[in-house]
Amino acid sequence: MKHRRSIELAPPEGFAVEEKQTLATLPQWFVVHARCGVCGYQSLLERRGIARRCGLDLSLARLAGRLKCRECGNRSDNLLLLGKLPRD
Ligand SMILES: [Zn+2]
């Protein structure tokens with residue numbers, strides 16, 4: 001069993017988040033983190049949960065606009081960070 005799970009976070013510039021990219025088209029091995037633009041709070045988003053609530057066709061650009069910080073309640077300037085899980 002492998003325990004090493006390094007996740008590299010890349011800012012949106014690192015991986016081109018295309019306007020059309022959606023939860024459905026984002027490859028499985030990407031994890032999505034959100035970072036608050038105000039307080040810097042960062043959390044891992046549960047892709048499956050979001051897909052269930054918002055639909056698989058939600059674009060990542062739209063998703064970023066819908067985020068709300070759990071810490072301070074901020075809804076604007078939130079960033080999506082994409083990380084890659086190691087592919088075995
Ligand atoms: Zn915040």
Side-chain angles (χ1 to χ4, degrees):
M1 198 153 167
K2 264 175 110 182
H3 284 284
R4 242 183 80 228
R5 259 189 145 197
S6 64
I7 295 176
E8 281 177 36
L9 289 177
E13 303 90 73
F15 173 79
V17 177
E18 292 173 37
E19 205 67 22
K20 279 181 292 180
Q21 186 90 286
T22 68
L23 287 173
T25 62
L26 187 70
Q28 292 278 325
W29 58 89
F30 276 99
V31 289
V32 184
H33 284 74
R35 189 165 70 200
C36 174
V38 173
C39 74
Y41 179 76
Q42 201 165 303
S43 68
L44 178 68
L45 299 180
E46 227 219 295
R47 286 182 59 175
R48 254 177 296 170
I50 294 169
R52 219 181 305 123
R53 260 178 305 170
C54 308
L56 277 174
D57 294 330
L58 181 71
S59 75
L60 295 182
R62 280 231 177 142
L63 176 60
R66 283 188 179 210
L67 298 172
K68 184 187 171 194
C69 177
R70 243 181 257 170
E71 279 298 295
C72 71
N74 168 57
R75 285 171 182 272
S76 59
D77 296 326
N78 293 321
L79 264 185
L80 279 186
L81 303 171
L82 299 175
K84 271 186 200 173
L85 287 175
R87 300 174 70 186
D88 293 330

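Order of listing sets the numbers, starting from 1, for every ligand and every atom in it.
Side-chain atoms of Arg70 and Tyr41, non-hydrogen and from C-beta on, do get closer than 4.5 Å to each other.
Leu79 and Leu67 get closest at one heavy-atom pair: O-CD1, 4.4 Å. Of all the heavy atoms in Asn78 and Gly37, the pair that sits closest is OD1-N, 3.2 Å.
Of all protein atoms, those of element N, O or S that lie under 2.8 Å from the Zn ion (ligand 1) number 4.
Partners of Ser76 according to the side-chain contact (heavy atoms from CB on, under 4.5 Å) rule, which considers only residues two or more places apart in sequence or in another chain, are Asn74. Residues satisfying the side chain to side chain donor-acceptor pair (under 3.5 Å) criterion with Ser43, sequence neighbours excluded, are absent altogether.
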What pairs of donor and acceptor atoms, side-chain ones from residues 46-56 against any protein atom, are under 3.5 angstrom apart with sequence neighbours left out?
| from | atom 1 | to | atom 2 | distance (Å) |
| --- | --- | --- | --- | --- |
| Arg47 | NH1 | Pro27 | O | 2.8 |
| Arg47 | NH1 | Phe30 | O | 2.9 |
| Arg47 | NH2 | Leu23 | O | 3.1 |
| Arg47 | NH2 | Leu26 | O | 2.8 |

